[in-house]
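In what follows, a structure is listed as structure tokens, so that the remarks can point back to it.
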Protein chains: 2
Amino acid sequence: MTVSLSDMQALDLWRRAVLAGVRREAPDLSARQMAVLLTVYLTSPPHTVRGLAATLNVSKPAITRALDRLGQFEMVRRKVDDADHRNVLVQRTIKGSVFLREWGSIVSEAATELAS
Amino acid sequence: MTVSLSDMQALDLWRRAVLAGVRREAPDLSARQMAVLLTVYLTSPPHTVRGLAATLNVSKPAITRALDRLGQFEMVRRKVDDADHRNVLVQRTIKGSVFLREWGSIVSEAATELAS
DNA sequence: TAAGAATGATTCGGTTGCGGAACGAATTGG
DNA sequence: CCAATTCGTTCCGCAACCGAATCATTCTTA
């Protein structure tokens, strides 16, 4: 089944979800941090700093900083690659899964609230 | 017609849209700023600082700052209320409309790309 | 094994955002 | 009139973030 959304519905969906996010007392992530987190959890590993930088079209320091922040929240973990010690592999954590699960449910609830 | 989205689909939708937003060369707004912008454009006027603060569950200075920023981008305009000169009415602009129209189309395209 | 390339972390100066307190302007009520 | 209230803004100290340049470590290759 394909999901079809008019531009207006899409905007309203976005509004409801962002509003829910702003209101709630949760770690407040920047768009970049959110993009990193979602990419790590929703696309197939391995994820390296360099790879994420390329995917997001952003500098490596930006990724490093985002990982620092996400690491503080224990939403991701860094692991040096055994095969190539220069690489840092970004791994998922329980807290990260929980956070995204909640976020997914917020967004999908916002979708059901949409007027047609 | 009701829009139904599984949590997983919702997350993936969010990922695609956030990714598109991070990649593109556009003013990058914080979640709060985006929430203000969307509220002003998608809910019925009038919009005051106090009202927005209440809606977003955020302090008034926070709204003032968001309006300053959105004003720099000319996505929103301030107008003192003729009836009560203490009030500031937040008004829409062409640039704001264009920006949100584009964003709506990004999100709705992300929705159509969703695997079922 | 020595030189060079690749990778991620760190530092630097500057910008932006935050919460909270205090403020000035406008309105209302006694 | 004048005090009290309402509304938005400004100020303050602080934390996070930015891009650019540089650094340390590790791998590759000649």
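By convention in this document, chain letters (A, B, ...) are assigned in the order of the sequence lines, proteins followed by strands, and residues within each chain are numbered from 1.
The phosphate of C:dA26 (OP1 or OP2) has no side-chain N or O of B:N87 nearer than 4.0 angstrom. The phosphate of D:dC17 has OP1 or OP2 within less than 4.0 Å of a side-chain N or O from A:Q33. Side-chain nitrogen and oxygen atoms of A:T64 include none within less than 4.0 Å of the OP1 or OP2 phosphate oxygen of C:dG8. Distances shown here put every side-chain N or O of B:R32 at or beyond 4.0 Å from the OP1 or OP2 atom of C:dT16.
A salt bridge does not link A:R65 to A:D68: none of the charged nitrogens lies less than 4.0 Å from a carboxylate oxygen.
Per the geometry, CG belonging to A:D68 stands 7 Å off P belonging to C:dT10, to the nearest Å. The interatomic distance linking B:I63 (CD1) with C:dC18 (C1') rounds to 13 Å, in whole Å. Regarding B:K60, its NZ atom lies at a distance of 17 Å from the P atom of D:dC11, rounded to whole Å. One atom, CE of B:M34, and another, P of C:dG17, lie 15 Å apart when rounded to the nearest Å. At whole-Å resolution of the value, CG in A:L29 and P in D:dA16 are 13 Å apart. The interatomic distance linking B:R69 (CZ) with D:dC18 (P) rounds to 12 Å, in whole Å. Distance, A:F73 CZ to D:dA15 P: 15 Å, rounded to whole Å. Atom pair B:R65:CZ and D:dA16:C1' shows a separation of 14 Å (rounding to whole Å applied).
Sequence order on DNA chain D of the closest nucleotides to B:R78 and A:D28 puts B:R78 first from the 5' end. DNA chain D is contacted by both B:L67 and A:S30; B:L67 maps to the nucleotide lying nearer its 5′ end (nearest heavy atom per residue).
At most 12 heavy atoms of other shown residues, nucleotides or ligands fall within 6.0 angstrom of atom NZ in A:K95. By the neighbour-count criterion of 12 heavy atoms within 6.0 Å, atom CZ of B:R78 is densely surrounded, having more than that number from other residues, nucleotides or ligands. More than 12 heavy atoms of other residues, nucleotides or ligands shown are found within 6.0 angstrom of CZ on A:R92.
Checked by atom type and distance alone, the side chain of B:R16 never pairs as donor or acceptor with a backbone atom of B:I106 at under 3.5 Å. Side-chain N or O atoms of A:R15 include none that pairs as donor or acceptor with a backbone N or O of B:M34 at under 3.5 Å. Under the 3.5 Å distance criterion, the side-chain polar atoms of A:T93 are matched with a main-chain donor or acceptor of A:M75.
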What one-letter contact string describes nucleotides 22-30 of chain D from 5' to 3', where B marks a base within less than 4.0 Å of any protein heavy atom, S marks contact via sugar-phosphate atoms alone, and - marks no contact?
-> ----BS---
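Within a heavy-atom distance below 4.0 Å of DNA chain C, the residues of residues 37-57 of chain A found are A:T48, A:V49, A:R50.
Across all strands, B:Q72 comes closer than 4.0 Å to no nucleic acid atom at all (heavy-atom distances).
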Could you check A:L52 against A:V40 for side chain to side chain contact (heavy atoms under 4.5 Å, CB included), going step by step and ending with a plain yes or no?
-> CA-CA 8 Å; A:L52 289 168; A:V40 167; 4.2 Å; yes
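Between the OG atom of A:S105 and the CE atom of B:M8 there is a distance of 14.0 Å, given to the nearest 0.5 Å.
For B:V88, whose side chain is taken as the heavy atoms from C-beta onward, the closest listed nucleotide among C:dC18, D:dC17, D:dT9 is D:dT9.
Using the six-membered ring where Trp is involved, B:W14 and A:W14 have ring planes that are parallel, under 30° apart on the 30 and 60° scheme.
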